[in-house]
Amino acid sequence: MHRSHTCGDVDESLLGERVVVAGWVVAMRELGGLTFVVLRDRYGSVQVVFEGERPDIAHGYVVKVAGKVRMRPPDQYREDWKSGKVEIAVEDYEILNRSVPLPFQPEDDVKASEEARLRFRVLDLRRPKMQENFRVRHEINLFIRNWLSERGFVELETPMLTKSTPEGARDFIVPSRLQPGKFYALPQSPQLYKQVLMVAGFDRYFQIARCFRDEDLRADRQPEFTQLDLEMSFVSDPEDVLTLIEDLIAEIFNRWANAGVSAPFPRYTYDEVMERFGSDKPDLRYSVEYEDWTERLAGLGNRIIDSNVERGAKVKALVLPVALSRGQIDRLQREFQFLWFKVSGGKASGNLARFVRGWDLSPYEGKTVFVFVGSGRPFLESLGDFRRTITAAFLKPERDWAFLWVKDFPLLQWNYEEGRIEPAHHIFTSPYEEHVPLLDEIERAIARGAEGDEIDRLASKVLGKQYDLVINGVEIGSGSVRVHDAQLQTRLLRMIGLGEEEINDRFGFLIESLRMGAPPHGGIALGLDRIVAMCRGEESIREVILFPKTTAGVALFEGAPSDVSPEQLEELGLKVIR
RNA sequence: GGGGACGUAGUUCAGCCCGGUUAGAACGCCGGCCUGUCACGCCGGAGGUCGCGGGUUCAAAUCCCGUCGUCCCCGCCA
């Protein structure tokens, strides 16, 4: 080995000993006959001192140094280094490799743009902060594997070359040479495999699984990402999964984010979070919520409220504990439609002021009250947008962490944009048994061509055994107890508009497996990139992915995607038309 | 597919509104001096198709059009 110790190892315990260390030159200070060089490796930094002639080294060089460990003068300790009280008096050195001048210095307060960081990713990854990100990622992976293994879970590797399925995201496809003109798809998730593994009797499966979705990117979305995927047999109720997972999640966030959270996490129903926060992933670091003010405000003579309430609309109020200025409210009104009043010095102002005149206004002193009128899911979702906007703009989070489960989603919902019924989660989610009879009604409604709010309201009565884990307003995981009855599964596939042939072609292997004694089962998939990013306080999952893609799906480091040779295309029977 | 921001030295930026002599700064790089530095200091130097293409103009980093790239958002995506 080229070293006896790592740079981080060298400390007072080695005083007077001869050590050999190797690392990158990250700083050089030449003082004529004396040269200070900081060597760094994964474990830390250490100062080495050359006396006499200037060594032939420079920033970025990989250097091996042999010398005696001695104390630095007491007024020159680097308290922020493990090796900060000592230095190595160089007796001998060797250049293990030279370096071209670096495009940027791999320091934590990196000045380089993200583009440069991705282009020269190896340098970027050399930064101690990135080293720590990926060490934590490794530790979390290891912890998950051990934790689940101790509880009887088996890690199984499902295929990457798999079958394209029409539901969900766009597939990445891979041409087949042996079956020209046919394509594999990269898995969007191991969903169907893990279900059939339950039929196979594995009972408890997990996988730290790479997933692929060919959709547009975001700060928290990459075309390939990693899920902790998990499935258990003989679960009857969502709680069977939740109680297990929340222990795991709490332990991860307590260990690596010092979150101070304890299981069980609060449970909310979908209906409840939509009514109170307008979102199925509310950020509960803020406590502001919507109240139903229909009774309080209807019939007071406000024409907007009265005419809408007559038609079945609800009145929702949100009390913001800040008195906003007229200008701030005007700006909000450009994006959102609402009525409002605020109270200062006991007097109400705003377009609702004259309707609340007789009230005891003291609870609203120094606050702004926003009032919305409407009904249906799109209305509630717009309330969620509003809540997100004003909490971000005008409030500080009241706590660092807010973990919750959202349960009892509707099994099916109306897609208002595309005008069709679709699963709220995915089509393999089991409805609660007592709601199955209500499917008849939905089927009849579909048959007579019902749509919009009407069918959404009908569908919302059939609850699925689905659950989402939400942390600080981010959906971290989603899962369900699955349909294990082939007949019911076929029926649900038909309800979302799939024909017999399509069901057979795409899901035949699942239906067939379900017929061969499928145990009741359920599971969850957790976004591992997001979990690690959150534990590290990173805004973007790119900070915890080694070689991420840009928003245009390009890997700047290696230059993917790229052209392929005419020979490769020929073999695959492919022709590029643009 | 749509909206927004950005693109100037190896890097991070200023200059752009209001066009005009040789396009600046800091860090980095190269050379010299310096024995206790740690953002070392001091002296000197090199380094630019101003993303690319077109247009307007006597004249374009600067104004206009297009295009490419990066980031953020909507759509899309659990």
Whether the side chain of R54(A) and the base of rG32(B) hold a donor-acceptor pair under 3.5 Å is what I'd like checked. no

If you go through the side-chain atoms of E215(A), does one of them form a donor-acceptor pair with the base of rG75(B) closer than 3.5 Å?
no

Q | Side-chain-base donor-acceptor pair under 3.5 Å for R218(A) and rG75(B) | A | yes

Could you go through nucleotides 39-45 of chain B and list every protein N or O atom that sits under 3.5 Å from one of its N or O atoms, giving the distance for each pair?
{"unit_1": "rC40(B)", "atom_1": "OP2", "unit_2": "R29(A)", "atom_2": "NH1", "d": "3.0"}
{"unit_1": "rC40(B)", "atom_1": "N4", "unit_2": "E30(A)", "atom_2": "O", "d": "2.0"}

Under a 3.5 Å limit on both distances, the Watson-Crick or wobble mate of rU67(B) is rG51(B)

Self-check item: Stacking check H425(A) vs rA78(B) (5.5 Å / 30 deg)
Solution: yes

Checking N1-N3 plus N6-O4 or O6-N4 for Watson-Crick, or N1-O2 and O6-N3 for wobble, each under 3.5 Å, the partner of rA60(B) is none

Nucleotide N/O to protein N/O under 3.5 Å, stretch nucleotides 2-6 of chain B:
none

For rU12(B), the nucleotide meeting Watson-Crick or G-U wobble distances (both under 3.5 Å) is rA25(B)

**Prompt:** Within less than 4.0 Å of OP1 or OP2 of rC71(B), is there a side-chain N or O belonging to T551(A)?
**Reply:** yes

In Watson-Crick or G-U wobble terms, with both distances under 3.5 Å, the base opposite rG36(B) is none

When both distances are under 3.5 Å in a Watson-Crick or G-U wobble arrangement, the nucleotide paired with rG44(B) is rC30(B)

Of the listed rG36(B), rA78(B), rU70(B), the closest approach to the A552(A) side chain comes from rU70(B)

Notebook entry, point to check: Charged N to carboxylate O below 4.0 Å: is that the case for E239(A) and R267(A)?
Noted result: yes

Comparing D220(A) with Q466(A), nearest RNA chain B nucleotide closer to 5' gives the residue D220(A)

### Message
Regarding rC76(B), can its base be found pairing with the side chain of R213(A) as donor and acceptor, where the two atoms are less than 3.5 Å apart?
### Response
no

Classify the side chain of R221(A) and the base of rC77(B) as holding, or not holding, a donor-acceptor pair under 3.5 Å. yes

Write down the distance separating the C1' atoms in rU67(B) and rA78(B), rounded off to the nearest Å.
35 Å

